[in-house]
Amino acid sequence: MGGWAIAVHGGAGIDPNLPVERQEEAKQLLTRCLNLGISALRSHCPAIDVVELVVRELETDPLFNSGRGSALTEHGTVEMEASIMDGKGRRCGAVSGLTTVKNPISLARLVMDKSPHSYLAFSGAEAFARQQGVELVDNEYFITEENKGMLKQAKEAKSILFDYRIPLPSKETCAAAAAENVLQMNGLPISVYAPETVGCVVVDGKGNCAAATSTGGLMNKMTGRIGDSPIIGSGTYACDLCAVSCTGEGEAIIRATLARDVAAVMEYKGLGLQEAVNFVIKEKLDEGKAGLIAVSSNGEVACGFNCNGMFRGCASENGFMEVGLWE
């Protein structure tokens, strides 16, 4: 065993003009979440408990796109999704279309632990939440004034915005950005996407791996849209070899079954963790933009992305710790 290791992310793809103060806020949040996880691991908490704990913290802080601070749908509401997976036995739970559950990742954990199913969505997931007695809040709790403004700009540009927390100067600038970008989502042209999903992967001192991912999805997304984050094998995966959490263009991640592919090439090609991450990022995304974090059962930690940056942090039992945004 190589000891415990942990990685967190707050999304792949960063506005190159992101203000320095916003960069520092992101680094501080990632550092706080890493330290929270490190403390739990030093107390011998199981990997599955640690990933839930860390993602709950990320959902509670409005800086990234999950829980409070989630991106808004075309109708100005929040629809959240999350998944969690325990590599020990490959147990998993996932939820989509949540509108009142304060911490979606914990409901995903309850789906795994307390239901006969792996995935619940929309009214069924909300009913299960009430049955389980989880904390519920009004949808307004998740909506920030900042996001209301960004949704307005997205609608004016008839587009999906990238870093929706950075105000654009004018309707004309927003429309021009939409015209100049040639990114596609599921084969259709869009402006740019909002990939600030959050996630955590952990291997504990016993070599058990776990992963958790949570998001509000895309700014100005269609109501009912489901991305990669709650889909086991695409946005989240854990097994006896590794744990993976993805972020970025959900439609591309779904097509690539990106998270599972990391484990697959380790198993079938005999690649090490970082080699496997590099391979799937380079070979499996077609023209999609995404990133991921991963840990292996022997205590390795890795990340990879094919865009200009990814909000991320990682640490291991040997004293290594790093928080970064750019390449």
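Quick caveat, the model's predicted, so the values are computed rather than measured.
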Please assess Gln23 against Trp326 for the test side chain to side chain contact (heavy atoms under 4.5 Å, CB included), listing each intermediate value before the final yes or no. CA-CA 10 Å; Gln23 295 182 38; Trp326 312 105; 3.3 Å; yes
Would you say the side chain of Met266 lies within less than 4.5 Å of the side chain of Cys242, judging by non-hydrogen atoms? yes
Could you pull out the closest heavy-atom pair between Phe122 and Gly224, with the gap in Å? CZ-CA, 3.8 Å
Side-chain heavy-atom pair Val203, Asn208 within 4.5 angstrom cut-off: no
Just to verify, what does Asn139 make a side-chain hydrogen bond (donor to acceptor under 3.5 Å, both in side chains) with, not counting sequence neighbours? none
Among residues two or more places apart or on two chains, list those pairs meeting salt bridge (Lys or Arg N to Asp or Glu O under 4.0 Å) that have a residue in residues 100-127. Asp49-Arg109, Glu52-Arg109, Arg91-Asp113, Lys102-Glu135, Arg109-Asp113
Spell out, as yes or no, whether a donor-acceptor pair under 3.5 Å connects the side chain of Lys221 to the backbone of Gly227. no
About how many Å separate CG of Leu30 and CD of Glu57, when rounded to the nearest 0.5 Å? 11.5 Å
Lys155 side-chain N/O to Glu74 backbone N/O, donor-acceptor pair under 3.5 Å: yes
Tell me the closest heavy-atom pair linking Ala26 and Phe64, and the distance in Å. CB-CZ, 3.9 Å
Using side chain to side chain contact (heavy atoms under 4.5 Å, CB included), reason through Met80 and Ser66 one step at a time and then give a plain yes or no. CA-CA 7 Å; Met80 300 165 292; Ser66 66; over 6 Å; no
Walk me through it: do Tyr237 and Arg90 pass the test side chain to side chain contact (heavy atoms under 4.5 Å, CB included)? CA-CA 8 Å; Tyr237 191 73; Arg90 289 186 290 187; 3.5 Å; yes
For the student: nearest non-hydrogen atoms of Gly217 and Asn65, plus distance: O-ND2, 2.6 Å
If we only count heavy atoms from C-beta on, is the Trp4 to Val295 side-chain gap below 4.5 Å? no
If hydrophobic clusters are built by linking Ile, Leu, Val, Met, Phe, Trp and Tyr wherever their side-chain heavy atoms come under 4.5 Å apart, do Ile84 and Tyr119 end up in the same one? no
Would you check if Asp261 and Leu258 make a side-chain contact, meaning some heavy-atom pair closer than 4.5 Å? no
Report yes if the side chains of Ile48 and Met112 come closer than 4.5 Å at any heavy-atom pair, otherwise no. yes
Is a side-chain N or O of Ser43 found less than 3.5 angstrom from the main chain of Cys45, in a donor-acceptor match? no
Side chain of Lys206, backbone of Pro46: donor and acceptor closer than 3.5 Å? no
Between Val202 and Ala243 the two heavy atoms that sit nearest each other are O-CB, 4.5 Å
Partners passing side-chain hydrogen bond (donor to acceptor under 3.5 Å, both in side chains) against Ser214 (at least two apart in sequence or in another chain): Glu59
Lys/Arg-Asp/Glu bridge criterion (N-O < 4.0 Å) met for Arg225, Glu251: yes
More than 12 heavy atoms of other groups within 6.0 Å of Met321 CE: yes
Please list all pairs passing the salt bridge (Lys or Arg N to Asp or Glu O under 4.0 Å) test where one or both residues lie in residues 312-323, with sequence neighbours left out. none
Going hydrophobic residue to hydrophobic residue with side-chain gaps under 4.5 angstrom, can you get from Val244 over to Leu285? yes
What I'd like to find out is whether the side chain of Val134 reaches to under 4.5 Å of the side chain of Leu110, using heavy atoms alone. yes
When hydrophobic residues are tied together by side-chain contacts of less than 4.5 Å, even through go-betweens, does Val201 share a cluster with Val54? no
Using 0.5 Å steps for rounding, measure from the CD1 atom of Ile143 to the OG1 atom of Thr77. 7.0 Å
NZ/NE/NH1/NH2 to OD/OE distance under 4.0 Å, Glu145 and Lys152: no
From Glu81 atom CD to Leu107 atom CG, the distance as rounded to the nearest 0.5 Å: 13.0 Å
As an exercise, state the distance from CG of Asn220 to CG of Asn147, rounded to the nearest 0.5 Å. 12.0 Å
Ile14 and Met310: same hydrophobic cluster, using ILVMFWY side-chain contacts below 4.5 Å? no
Can any side-chain N or O of Asp86 pair as donor or acceptor with the backbone N or O of Lys88 at less than 3.5 Å? yes
Can you name the side-chain hydrogen bond (donor to acceptor under 3.5 Å, both in side chains) partners of Ser39, sequence neighbours left out? none
With Gln28 via side-chain hydrogen bond (donor to acceptor under 3.5 Å, both in side chains) - residues at least two apart: none
Can any side-chain N or O of Asp138 pair as donor or acceptor with the backbone N or O of Glu140 at less than 3.5 Å? no
Determine yes or no for a side-chain-to-main-chain donor-acceptor pair under 3.5 angstrom, with Gln132 supplying the side chain and Ala129 the backbone. no
Residue pair Ile6 / Val301, side-chain heavy-atom distance below 4.5 Å: no
Verdict with supporting geometry, Ser106 and Arg56, side chain to side chain donor-acceptor pair (under 3.5 Å): CA-CA 7 Å; Ser106 290; Arg56 278 180 65 94; 2.8 Å; yes
If you define the side chain from C-beta out and look only at heavy atoms, does anything of Phe305 sit under 4.5 Å from Leu292? no
About how many Å separate CG of Leu325 and CZ of Arg22, when rounded to the nearest 0.5 Å? 12.0 Å
Does Leu273 belong to the same Ile/Leu/Val/Met/Phe/Trp/Tyr cluster as Leu271, with side-chain heavy atoms less than 4.5 Å apart forming each link? yes
Donor + acceptor pair across side chains of Thr60, Arg68 (<3.5 Å): no
Interatomic distance, OG1@Thr197 vs CZ@Phe311, rounded to 0.5 Å, equals 12.0 Å
Could you verify whether a donor N or O on one side chain and an acceptor N or O on the other, from Thr213 and Ser245, lie under 3.5 Å apart? yes
In short, Met85 meets Cys92 closest at the heavy-atom pair CG-CB, 3.9 Å
Using a 3.5 Å distance criterion without hydrogens, assess whether the side chain of Thr236 forms a donor-acceptor pair with backbone atoms of Ile232. no
Phe279 six-ring centre to Lys284 NZ/CZ under 6.0 Å and within 45° of normal: no
Evaluation steps, side chain to side chain contact (heavy atoms under 4.5 Å, CB included), between Glu300 and Gln274: CA-CA 8 Å; Glu300 297 170 298; Gln274 188 65 62; over 6 Å; no
Could you tell me which non-hydrogen atom of Gly11 sits nearest to which non-hydrogen atom of Thr247, and how far apart they are? CA-OG1, 3.2 Å
Looking just at side-chain N and O atoms, do Ser229 and Thr215 make a donor-acceptor pair shorter than 3.5 Å? no
